[in-house]
Each structure stands twice: as structure tokens, then as C-alpha cells.
Amino acid sequence: MIAPVLSVQRLSVRIGAARILDDVSLAVPAGGTLGVVGESGCGKSTLLRAILGILPRGAEVPGGAVLFGGRDILADGGASARGRIGFVPQDPYLSLNPVFRAGDQILEIMRRHAPGTRRDHRARLVELFRAVQLPEPEAALAKYPHQFSGGQRQRLLIAAALCCDPALLVADEPTTALDVTTQREILALLQGLAAARGLALLFVTHDFGVLASLCESVTVLYAGRVAESGPTRDVLDDPRHPYTRMLLACHPDRATALAGIPGTVPAATAQPDGCRFHPRCPLARGDCALDVPQPVLHRGRVIACPYHAEALPEVALA
Amino acid sequence: MALYILRRVLLALPALLGLILLTFVLSRVIPGDPAAALAGDAATPAQIAAIRAQYGLDRPILEQAVVHLRQVVTGDFGTSAFSGRPVAEEIWQRLPATLELTFAALLLATLLGIPLGLVAALDHNGPVDHVVRLLSVGGLAIAGFWLAIMLQLVFAMDLDILPLRGRIDVPLGLPPRVTGLLLVDSLLAGRPDMFWSACRHVVLPAVTLALPALATIARFTRSGVLETLQKDFVLYARAAGYGRVRLAAIYVLRNAVTVTVTQIGLLFGALISGAVAVEAVFDWPGLGTYAVQAILSADYKALLAVTLVVGAVYAVVNVAVDVAQAIIDPRVAEDGR
Ligand SMILES: Nc1ncnc2c1ncn2[C@@H]1O[C@H](COP(=O)(O)OP(=O)(O)OP(=O)(O)O)[C@@H](O)[C@H]1O
Ligand SMILES: [Mg+2]
């Protein structure tokens with residue numbers, strides 16, 4: 001296996017009584033692509049915030065490590081990885097400061113984290129604008145964010161993510177705020193850039209279609225824990241964790257709330273003991289409410305369910 | 001941008017016109033019968049009629065309004081009933097003193113209020129925040145004239161480090177008038193001694209006047225910064241690796257002060273009315289003391305002229321504030337708001 005560029009090891013994050021992430025492990029191989037899927041509220045953004053060193057005020061990390069380039073970036077609040085992890089945020093409309101020129105906002109990142117003079121930076125940025133296919137790359141430097149369309153702003157942000165030559169791109173549902181056509185263009189752009197530059201990609205999404213086309217492997221989160229992870233093709237074709245199976249059966253295209261399944265995702269402040277999925281799981285039995293399921297290896301993937309080999313009752317998949 | 005400024009100026013004109021008409025109506029209403037008021041208590045009906053004819057008060061009201069408008073626009077405010085001198089001339093003498101005082105106060109309030117609001121917000125609910133909150137509640141609650149007298153007692157009488165009253169040490173005389181602002185004219189005249197004296201004189205009245213404005217500016221800046229800190233783009237900038245100081249002092253603050261700047265425009269009105277009391281206590285020869293004198297002597301022409309001039313200054317300041325807004329936030333000029 002290729003050495004991972006990023007490896008999250010048994011990471012837990014709490015905010016007050018909310019247990020938002022629990023024992024989450026994942027690895028992104030150098031140049032590889034990993035997708036993180038899960039319903040709303042399962043902790044995807046929190047995971048990225050931990051990786052980027054921007055956990056909210058009051059967040060505690062009772063355990064775990066985030067290794068990037070061999071260093072635990074939790075230890076220094078992400079400082080050692082600044083500029084080397086590019087971040088593409090979810091909402092291009094809200095992620096740029098409206099009162100500063102977009103170009104200046106990116107140049108400020110370069111000023112802090114990229115070598116060279118301001119003149120070099122400007123030249124590189126125009127190159128990047130060209131690479132992300134922003135129209136009129138020279139003129140774009142002088143424009144304010146509101147003078148760009150949503151798709152163009154996401155291109156700007158991709159350029160910003162690339163501006164310090166990162167080894168890893170981290171994207172939090174980078175296309176949900178855009179219309180369908182633009183979504184496709186942006187995804188193709190990201191994929192092309194990552195491949196061309198040999199970038200590793202950590203990609204949060206709800207969309208199994210995006211997952212299948214963009215990510216070599218996938219980690220499925222449920223209520224702050226990893227339910228299942230492995231190569232994307234295998235997981236989508238033959239999901240093993242009861243949650244993944246029900247999710248794909250209900251919503252073959254998107255990870256959204258399980259419709260028609262009793263119960264809801266637990267609140268982060270009221271996580272059940274044992275397996276967090278057990279109150280809603282058709283395979284649940286006594287010990288599921290007591291023991292946290294240990295991840296088991298099964299044909300190249302990790303599944304947090306000892307009963308993954310059992311068939312689900314028909315009704316559960318209806 | 002030029003178009004935007006032009007539009008703001010044009011929009012200010014109707015407000016000024018309205019103010020002129022209002023002063024016209026007031027000038028006809030306040031004195032009851034203005035002719036009788038002008039003629040005095042002992043006048044005979046014939047004398048009153050003569051005065052009425054002399055001042056055009058027997059003309060149709062619309063004609064009078066037009067005449068009034070023409071006079072005001074050409075800077076003719078009539079003659080003061082108190083001094084017998086042209087009101088315009090007297091105001092011209094005194095306006096710069098008030099402008100100097102209010103702008104000094106505004107500058108002080110802004111230069112201290114914005115950083116205070118910023119550090120309070122960055123220390124949300126921490127000790128600094130509490131101290132600033134205490135200061136700003138105090139600043140709003142303390143009566144201006146009381147503070148003025150206390151400052152005089154401490155700094156002018158007890159410690160004797162600042163002058164008690166006036167704009168400049170009398171023996172120094174005055175610099176040749178260019179702007180009428182002593183702080184500027186003394187420098188233009190190359191007289192640092194005069195400048196220093198003018199500085200020392202403006203400190204206590206400006207501090208008195210600035211305190212409530214400072215409190216307001218600090219409060220609005222604090223809440224603006226707190227609100228801006230919640231924005232996605234701040235989180236994004238942190239993730240992208242902006243420096244902490246730059247993030248707070250430039251990136252966040254520029255967004256946050258848009259609200260503060262609007263407040264500064266509004267505060268200017270409060271500053272001018274506050275100047276009336278402050279000028280009286282510090283014997284500051286500005287429009288405030290002039291207005292007090294006009295009220296005491298029922299010199300309604302002078303009073304109306306002060307109202308108009310203050311209104312005009314207020315309008316100019318608010319156009320300046322609109323321009324500042326557009327500079328801070330480029331969307332403002334484009335929205336054509
Ligand atoms: N600052 C906070 N304080 C307390 N709880 C929080 C905080 N931020 C997030 N949470 C909780 O943590 C859980 C995970 O939130 P997170 O934003 O990571 O979810 P997500 O998977 O990204 O969801 P979505 O798909 O809607 O973006 C949620 O239950 C949320 O309520
Ligand atoms: Mg999220």
C-alpha cells in the first residue's frame with residue numbers, strides 16, 4: 001500500500017455533551033481519492049474541521065491523531081499543515097469576504113504560505129485562474145466576489161486551494177450550492193486538476209454518483225462513527241454494514257435520511273450505547289446495545305458490524 | 001463611484017430644501033405675529049403694520065416662502081435682533097469653532113471606539129469585554145455637563161495641566177484665518193506654539209463630547225465584529241491560513257465597521273446638540289454658545305440660521321458617510337441603494 005499522505009487515527013471530537021466524532025480512522029493515500037459519505041449531521045464537516053485545524057470553540061479532542069506528512073497536526077492546531085492542505089468549501093457564495101477583491105484574498109494566503117514575491121504570486125495566480133478555466137484571468141484579479149457567478153466563485157476557491165501547491169485537497173460538498181450543470185463542470189475540473197497534479201483528494205459528499213465517479217475508496221459515517229469503509233466499487237456494489245445496505249436500498253443515488261425506517265439519527269448529545277445504529281437496525285440483538293462493535297476486516301474493507309454476513313429481512317429493504 | 005457620489009448629493013438636496021421650508025414655517029409660527037414681535041411691546045398698530053410691510057409679511061405666503069428660500073440660499077439670514085449685526089457673519093465667525101470641537105470629538109470617539117469594540121468582541125464574555133461594556137454603559141449614562149465640570153476640576157484646577165476654558169491662550173492671539181479651524185490655521189501659519197495651545201484647549205471639551213459617542217461606536221463595532229466572526233468566510237480564511245491579527249484587524253473589521261460608519265453619521269447630530277452644553281461649560285465660542293444666547297434673547301433669526309447651518313453640516317457629513325460606506329463595501333455603490 002502507498003504511504004498515506006493523510007491519516008486520521010481513532011479521532012474523537014466532543015463539544016460539551018455532544019459526542020460528534022468517535023474513534024474515526026481513515027487514510028488518504030498519496031495521489032489517492034477518498035470519499036466520505038453520511039447523512040446530514042453525522043460529523044463530516046467536523047471531521048474536515050479537525051483535519052484543517054479549525055474546530056469550533058469549545059471542541060475537545062479526547063483522543064486520536066491526524067497525521068499529515070508524518071506530523072500530528074492536532075498538536076499544533078493545524079499550523080504545520082497550513083498551505084499544504086488545500087480546502088474547497090461547501091458554499092462559494094459565503095466563503096469569500098464580500099468587501100475585499102477575490103484576488104487579494106487569495107494573494108494573502110500566498111503571502112503567508114507560498115515562497116516568492118508578490119509579483120511571482122500574481123503571475124502564479126493568473127496561471128491558476130487559467131487552469132481553473134476562469135474567464136478573463138487577468139481581469140479577474142481586480143474583481144470583487146459579487147462580480148462572479150457561483151460557478152466562477154467555486155473556480156476561484158479551487159484556485160485558492162491550489163495556490164500554495166498542496167499535497168492534499170479537502171472538499172466539503174463543493175458543489176451542493178451550485179446548479180446541476182455547473183456541478184458537473186466543477187467536479188470534472190477538480191478531478192482533472194487532482195489527477196494532473198498528483199493531488200490526493202478527500203471529498204465529502206451526499207451523492208453516490210459523485211462518489212462512484214470521483215473516489216477510489218469510501219468511508220461511510222453514521223452518527224460520528226465509521227460504519228463501513230473500503231474501495232468504492234465494492235462498497236456500492238455489495239454494501240455489508242446494515243446501515244449502508246439500507247441507505248443504498250432506500251436512496252441509490254444520495255445519502256439522505258433513511259425514509260420509512262423507524263427512528264431517526266440520534267442527536268450528538270444523545271448517542272445510544274453500543275452500536276449507534278442498533279435502535280434502527282433489523283439485525284440488532286442484545287449485545288448490540290452493549291458493546292461498541294469492533295471493526296472487522298472483510299475482503300479488503302472494514303465493517304463495524306459483527307453480523308454483516310447475515311441477510312437483512314426483506315421488509316427492511318422494501 | 002463618481003455617479004454614486006453625485007446621486008447621494010442630489011438625494012441630500014430635497015432634505016435640505018425641506019429643512020429650509022420647515023424653518024420658514026417655524027419663523028412664521030413661533031413668534032405668533034412676527035411683525036408684532038419685531039416691533040416690540042410698546043408698538044402701536046400703525047407701527048406694526050409698517051413693519052409688516054417693510055418685511056414683506058403682508059405678501060401672499062407662497063411669495064414669502066420663495067423670498068425666504070432665495071435669502072437663505074444666498075446666505076442672507078437677516079440681522080440679529082440681539083447684536084444688530086448680520087446673522088450670517090456671526091455664524092461664519094463661530095461655525096469653525098464648533099466644527100473643530102465636534103470633529104475632534106468624532107475623531108477621538110472613532111479612533112478609540114473601534115479598537116475597543118474590536119478587542120471586546122475578540123474577548124467575547126471575557127474580562128476585556130466586561131471592562132469595555134462597563135465603560136460604554138458609563139459613557140452613555142454620565143451627564144455631559146457633570147463630566148465637563150469634573151474634568152475641569154481635576155485637570156484644570158487640581159492638576160493644572162490643561163486650560164480651563166477657551167480655544168487658545170489669549171496672549172498668543174489668533175493665526176490668520178484660512179479655514180477658521182485653529183488647529184489647521186496655526187499649522188498653516190507655521191506657529192507650533194499656537195497649535196500646541198489649541199490642542200491643549202480642545203482636549204477637555206472634546207473628551208467630554210466624545211465619551212457617549214465613543215461608547216456607541218464601541219458597542220456597534222463589538223456587535224458587528226461578533227456577527228462577522230460567525231460568517232463562513234472567516235472560517236474559510238482561518239482554514240486557508242490567514243494570520244490571526246490580520247484576520248481580526250483587517251479582514252473581519254472592514255466588514256464589521258459598515259454598521260459603525262452608519263452610526264457615526266447619525267452620531268454627528270448628537271455631537272452637535274451635545275456641543276451646546278459643552279461649549280457653555282468650556283466657554284467655547286462656537287454655535288452652541290451662540291444658540292444659547294439666541295434663545296435667551298429670543299433672537300429667532302439667529303436661531304433659525306443655526307438650525308439651517310447645522311442641518312446643512314449634518315447633510316454634508318452624511319453624504320461623506322455614504323461615500324465612506326461605498327469605499328468600505330464596493331457593493332454599496334453598485335446596488336444604488
Ligand atoms: N459548534 C457546535 N456545537 C455543538 N454541536 C455541534 C457544533 N457543530 C456541529 N455540531 C453537531 O455535530 C454534529 C455533526 O455536525 P457536522 O456539521 O459535522 O455534520 P455534517 O455531517 O457535516 O452535516 P451536513 O451534511 O448537514 O453538512 C451535528 O449533530 C451538529 O449538531
Ligand atoms: Mg457539513
Side-chain angles (χ1 to χ4, degrees), chain A residues 45 48-58 73 77-102 104-114 142-147 153 156-157 159-164 166 170-172 177, chain B residues 1 4 114 118 120-126 128-129 221 224-262 321-337:
Chain A
S45 296
L48 293 197
R49 290 182 69 164
I51 292 168
L52 292 162
I54 49 166
L55 280 171
R57 253 195 192 197
I73 56 182
S80 63
R82 291 267 186 270
R84 303 188 45 223
I85 302 182
F87 173 44
V88 185
Q90 175 165 2
D91 194 327
Y93 294 92
L94 301 178
S95 299
L96 287 166
N97 191 331
V99 305
F100 290 92
R101 295 177 206 278
D104 287 344
Q105 296 185 52
I106 304 175
L107 286 170
E108 173 62 17
I109 305 173
M110 298 174 89
R111 190 181 70 79
R112 283 189 60 90
H113 301 290
K143 286 196 196 166
Y144 287 90
H146 69 275
Q147 294 168 315
R153 284 188 223 192
L156 282 170
L157 288 164
L162 296 173
C163 73
C164 299
V170 169
D172 191 352
Chain B
M1 184 64 133
Y4 170 79
I114 288 180
L118 177 65
L122 294 180
D123 188 44
H124 188 30
N125 286 333
V128 179
D129 194 15
T221 306
V225 169
L226 284 179
E227 198 187 313
T228 309
L229 283 174
Q230 303 298 320
K231 303 272 190 189
D232 282 14
F233 59 74
V234 174
L235 191 67
Y236 172 76
R238 284 211 289 141
Y242 270 56
R244 283 176 59 92
V245 173
R246 188 177 187 92
L247 191 67
I250 298 176
Y251 198 72
V252 168
L253 195 59
R254 180 156 165 188
N255 280 268
V257 293
T258 48
V259 186
T260 313
V261 169
T262 314
V321 162
D322 286 341
V323 173
Q325 288 278 29
I327 291 172
I328 293 173
D329 185 345
R331 291 169 303 173
V332 169
E334 284 179 30
D335 288 357
R337 272 189 282 146

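Keep in mind it's a predicted model, so treat the numbers as computed, not measured. Labels below follow one simple rule: chain letters A, B, ... track the order of the sequence lines, proteins then strands, and each chain is numbered from 1.
- Surrounding NZ of A:K143 are more than 12 heavy atoms belonging to other residues, nucleotides or ligands, all under 6.0 Å away.
- Residues A:R57 and B:L122 share a closest heavy-atom pair of NH2-O, 3.7 Å.
- Heavy atoms closer than 4.5 Å to chain B are found nowhere in A:R101, neither backbone nor side chain.
- Of the residues considered (A:L157, A:L94, A:V170), A:L94 shows the highest number of contacts with chain B, using heavy-atom pairs under 4.5 Å.
- What you find for A:I109 and B:Y236 is that their closest heavy atoms are CD1-OH, 4.3 Å.
- Between the side chain of B:Y242 and the backbone N or O of A:R112 there is no donor-acceptor pair closer than 3.5 Å.
- Heavy atoms only, all atoms of each residue included: A:P98 and B:P330 are closest at O-CG, 4.0 Å.
- In terms of heavy-atom proximity, A:R49 sits nearest to B:L235 at NH2-CD1, 3.3 Å.
- With a threshold of 4.5 angstrom between heavy atoms, B:I328 approaches chain A through N, CA, C or O but not through any side-chain atom.
- No donor-acceptor pair under 3.5 Å is formed between the side chain of B:D232 and the backbone N or O of A:D91.
- Summarising the geometry of B:A239 relative to A:F87, their closest heavy-atom pair is CB-CD2, 3.6 Å, with the distance given to 0.1 Å.
- Between chain B and the residues A:R82, A:Q147, A:E108, the largest count of heavy-atom pairs under 4.5 Å involves A:E108.
- If you measure heavy-atom distances from A:I51 to chain B, you find no contacts under 4.5 Å at all.
- Residues B:R331 and A:V99 approach most closely at NH2-CG1, 4.5 Å, considering heavy atoms.
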